Amino acid sequence: MKAVAFQALHTPLAFETLPDPTPDAGQVVVKVGRCGICGSDLHMTEDAAYGCKHGDVLGHEFAGEVVGLGREVEGFRTGDLVSVIPLMSCGACEHCRKGEVQWCARFALQGGGYAEYALTRPNQCVKLGADVSLADGAIIEPLAVALHGVNLSGLKAGDNVLVLGAGPIGLAVAFWAQRVGTGRVAVQDIADFQQQRALGMGADVFVVDPADPVGSAEHALGGKADVVFECVGIPGLIDQAVQQVKNRGTVLLLGLCTRPDPIDSFAMLSKEVRLVTSAFFTVPEYRAALEALAQGAIEPRLLVTDTVSLAETPQVFESLKHRTSQCKVLIAP
Ligand SMILES: [Zn+2]
Ligand SMILES: [Zn+2]
């Protein structure tokens with residue numbers, strides 16, 4: 001099969017031919033229909049913290065058609081269209097039964113979507129109905145990540161929301177936040193590429209003012225935010241979020257910062273800020289994101305700005321490492 005594989009840190013991915021996968025007992029082969037390129041994939045090729053090895057196939061945001069079944073697989077047949085939950089787990093322990101699979105002792109992140117075929121397990125496959133496309137199936141993962149953050153934030157109707165970062169996760173937070181019935185939703189970034197997309201996704205206002213980010217967000221919201229979602233993950237933004245939130249407000253961290261980020265705990269303590277972190281999602285949240293698409297929510301589809309082939313992927317992947325007008329790029333193998 002054709003695939004795009006990791007070579008080494010700071011080196012472009014390579015378009016290669018790899019052996020077709022054969023399913024072991026309990027495994028499913030999915031013919032990848034669409035796979036999203038995620039910001040964390042970009043980090044994986046630049047940061048040793050992720051532990052990528054030569055030959056690894058990245059890609060954890062994918063959907064496709066079941067084309068092979070190992071022994072002992074029940075509940076699926078070839079031809080089923082599925083979105084793959086990229087969280088590998090045992091499927092049987094207490095955490096798995098609650099859908100909180102990230103705490104499973106056998107938890108690992110599934111990759112493999114940058115290829116014609118990927119191996120997975122039936123407990124990670126969610127069937128897609130006729131009302132959603134394979135492209136929809138590939139954006140469920142970032143939608144679920146954002147939904148988990150919104151759920152953990154305790155966001156209530158009427159709250160004013162500030163989202164830092166207009167990437168796919170930040171825009172998906174704006175989408176879920178407006179469904180809660182919030183007051184105003186502001187999305188803030190240091191460039192205006194995603195302004196129209198953010199407004200289409202549910203933001204009331206888009207703020208770009210690198211010289212005075214705190215003052216201009218406050219002006220846009222008519223005051224400090226009840227909840228600030230940090231969706232970037234670079235040092236300094238937690239401190240900025242603390243300045244931008246109300247006393248006793250909530251700062252919710254979705255941005256994954258792989259470097260130490262010194263924070264001004266005095267400022268945070270003085271305001272009694274609630275700092276909440278969010279990682280991955282629960283299985284029910286993944287299903288809720290699919291359900292929103294199946295019920296006709298059109299805004300999330302605005303996230304997709306381009307669809308490229310596997311052969312084009314190494315070059316497109318490199319281009320996404322620089323600031324660009326692209327939002328979510330999908331691979332169509
Ligand atoms: Zn992702
Ligand atoms: Zn488990």
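Computed from a predicted structure; not experimentally measured. When a ligand or atom number is given, it counts from 1 through the structure's own listing order.
Ring-centre distance between Phe193 and Phe206: not below the 6.0 Å cut-off.
Here the N, O or S atom of His60 that is nearest to the Zn ion (ligand 1) is NE2. Within Glu61, OE2 is the N, O or S atom that lies nearest to the Zn ion (ligand 1).
Taking the six-membered ring where the residue is Trp, Tyr286 and Phe281 present tilted rings, their angle falling between 30° and 60°.
For the Zn ion (ligand 1), the N/O/S atoms of Asp41 include none lying under 2.8 Å.
Both Leu330 and Ile37 are part of a single hydrophobic cluster, where members link through side-chain heavy atoms under 4.5 Å apart.
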> Yes or no on ring-ring contact (aromatic ring centres under 6.0 Å, His included) for Tyr114 and Phe15, after CA distance, side-chain angles and deciding distance?
Replying inline: CA-CA 10 Å; Tyr114 293 8; Phe15 178 53; over 10 Å; no
>> Could you go through Glu318 and Lys321, starting from their C-alpha distance and side-chain angles, then the distance that decides it, and tell me whether this counts as salt bridge (charged side-chain N to carboxylate O under 4.0 Å, His left out)?
In response: CA-CA 5 Å; Glu318 289 306 303; Lys321 291 179 180 173; 3.1 Å; yes
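Only protein atoms were considered; those of element N, O or S under 2.8 Å from the Zn ion (ligand 2) number 4.
Smallest separation of non-hydrogen atoms from Val232 and Leu164: CG2-O, 3.5 Å.
Counted within 6.0 Å of CZ on Arg301, heavy atoms from surrounding residues, nucleotides or ligands total more than 12; the atom is thus considered enclosed.
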